[in-house]
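Below is one structure, written out as structure tokens; the observations come after it.
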Protein chains: 2
Amino acid sequence: MKKLPKISESEWQVMRVLWKQSPLTANEIVEKLAGSTDWKPKTIKTLITRLTKKGAVKFEKEGRLYKYHPAVGKDECVRMERRSFVRRVYGGISKPMLAAFLEDAKLSAEDISELRKILEQKAEE
Amino acid sequence: MKKLPKISESEWQVMRVLWKQSPLTANEIVEKLAGSTDWKPKTIKTLITRLTKKGAVKFEKEGRLYKYHPAVGKDECVRMERRSFVRRVYGGISKPMLAAFLEDAKLSAEDISELRKILEQKAEE
DNA sequence: AACAAAGTATTACATTTGTAATCCTACGTC
DNA sequence: GACGTAGGATTACAAATGTAATACTTTGTT
């Protein structure tokens, strides 16, 4: 498996847009981010450029402008972040950590039963 | 409530040592980190200094040397990191995220039953 | 009293990140 | 064909971060 680039806090915002929908032009990305951030368009262009340099995003020329799309999978990146987070903060995945998450969460009844199912499966191993 | 300083990845290692045990001298911190990192003592001193500048660590002179101890609570910092992580990666806490964590975890039977208890309580709300 | 050792304080320096602005270029318009 | 304009490319620049080295100071030792 190839090595995943390190994606910074701001860059994550861009990646999340692209993972949700792609390919997109730079301006389309800017529009999608207009609601959630107050970054100037140029700032977003910079982030996109950096992501392509890191190999997290690829693009093709479509006529005169570029269409961008993710070059790395969301799930892998999420997994990496999760591990890095857990290692940093808890020194490893742990029950107290999970408990804190669960307590913090707002969950529907179905959510809860799904999660319980996961735990039951774990219990059987 | 006071504002928490932003603690970087490397600084977290130092904080975790101090949260586990304090007060400690700089050298004691260095020793505790010797196993898990290969940082030079000077590097660790720098991290300690930065943490004091940020207000995350305080110290008193004990004779000729300093004893360091945390100035911010672990739980608060952990909570902040957790929220920041979740917002960055998932755009908010969510069931898929929790499911991923649970699946990734190695848990003892007691861990599992405790977590199930939490979920049951949630279900009752 | 001079010196060595151990600690702290100061300085160093390349990278990454946040946040843009300016420059250049191709394309459509008059 | 000159010119404005929209996009991409290049450049900017301070703060944070990773990773130390060097300088200074206090104190125990001889």
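We name chains A, B, ... by the order of the sequence lines, and we start the count at 1 in each one. Computation of the quantities below employed the complete heavy-atom set of this structure, encompassing side-chain atoms and omitting hydrogens, waters and symmetry-equivalent molecules.
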>> Is A:Asn27 close enough to D:dA6 that one of its side-chain N or O atoms is under 4.0 Å from OP1 or OP2 there?
In response: no
Please tabulate, one pair per line, each protein N/O and nucleotide N/O from nucleotides 11-15 of chain D that are separated by under 3.5 Å, including the distance.
none

> Any ion pair linking B:Arg116 and A:Glu120 (charged N to carboxylate O, less than 4.0 Å)?
Replying inline: yes
> Out of D:dT19, D:dT17, D:dG8, which nucleotide sits closest to the side chain of B:Lys6?
Replying inline: D:dT17
> Any side-chain donor paired with an acceptor under 3.5 Å for B:Tyr68 and B:Lys58?
Replying inline: no
>> Tell me the bend of the helix from C:dA1-D:dT30 to C:dC30-D:dG1 as the angle between end helix axes, each from five pairs, rounded to the nearest 10 degrees.
In response: 30°
>> Any side-chain to backbone donor/acceptor pair from A:Thr37 onto A:Leu33? Under 3.5 Å, distance only.
In response: yes
> Phosphate oxygens OP1/OP2 of D:dG7: is one of them under 4.0 Å from a side-chain N or O of A:Thr25?
Replying inline: no
> Taking it one step at a time, do B:Lys95 and A:Glu110 satisfy salt bridge (charged side-chain N to carboxylate O under 4.0 Å, His left out)?
Replying inline: CA-CA 10 Å; B:Lys95 197 248 342 182; A:Glu110 306 90 77; over 6 Å; no
>> I'd like to know if the side chain of B:Glu76 reaches the main chain of B:Gly73, judged simply by a donor and an acceptor atom lying under 3.5 Å from each other, with no hydrogens or angles considered.
In response: yes
>> Looking at A:Ser10, I'd like to know whether one of its side-chain N or O atoms comes within less than 4.0 Å of OP1 or OP2 on C:dG18.
In response: yes
>> Within the 4.0 Å heavy-atom criterion, would you say A:Thr43 contacts the bases, only the backbone, or no part of the nucleic acid?
In response: base
> Quick one: CZ on B:Arg16 to CD on B:Glu11, what's the gap to the nearest 0.5 Å?
Replying inline: 14.0 Å
> Which residue lies toward the 5' end of DNA chain D, B:Glu9 or A:Phe59, if each is placed at its nearest nucleotide?
Replying inline: A:Phe59
>> Using the side-chain heavy atoms of A:Tyr66, tell me which of these nucleotides is nearest: C:dT8, D:dT17, D:dA9.
In response: D:dA9
Please write out each protein N/O paired with an N/O of nucleotides 22-24 of chain C under 3.5 Å, distance rounded to 0.1 Å.
residue	atom	partner	partner atom	Å
C:dT22	O4	A:Lys42	NZ	2.9

>> Pick the closest DNA chain C nucleotide for A:Ser8 and for B:Lys61 by heavy atoms, then say which residue is nearer the 5' end.
In response: B:Lys61
> Does C:dT17 have OP1 or OP2 sitting under 4.0 Å from an N or O in the side chain of A:Lys54?
Replying inline: yes
> Hey, does B:Arg88 have a side-chain heavy atom less than 4.5 Å from the side chain of A:Trp12?
Replying inline: yes
>> So, OP1 or OP2 of D:dT19: does either fall under 4.0 Å of a side-chain N or O from B:Lys40?
In response: no
>> Strictly below 4.0 Å: does B:Lys45 bring a side-chain N or O up to OP1 or OP2 of D:dA21?
In response: no
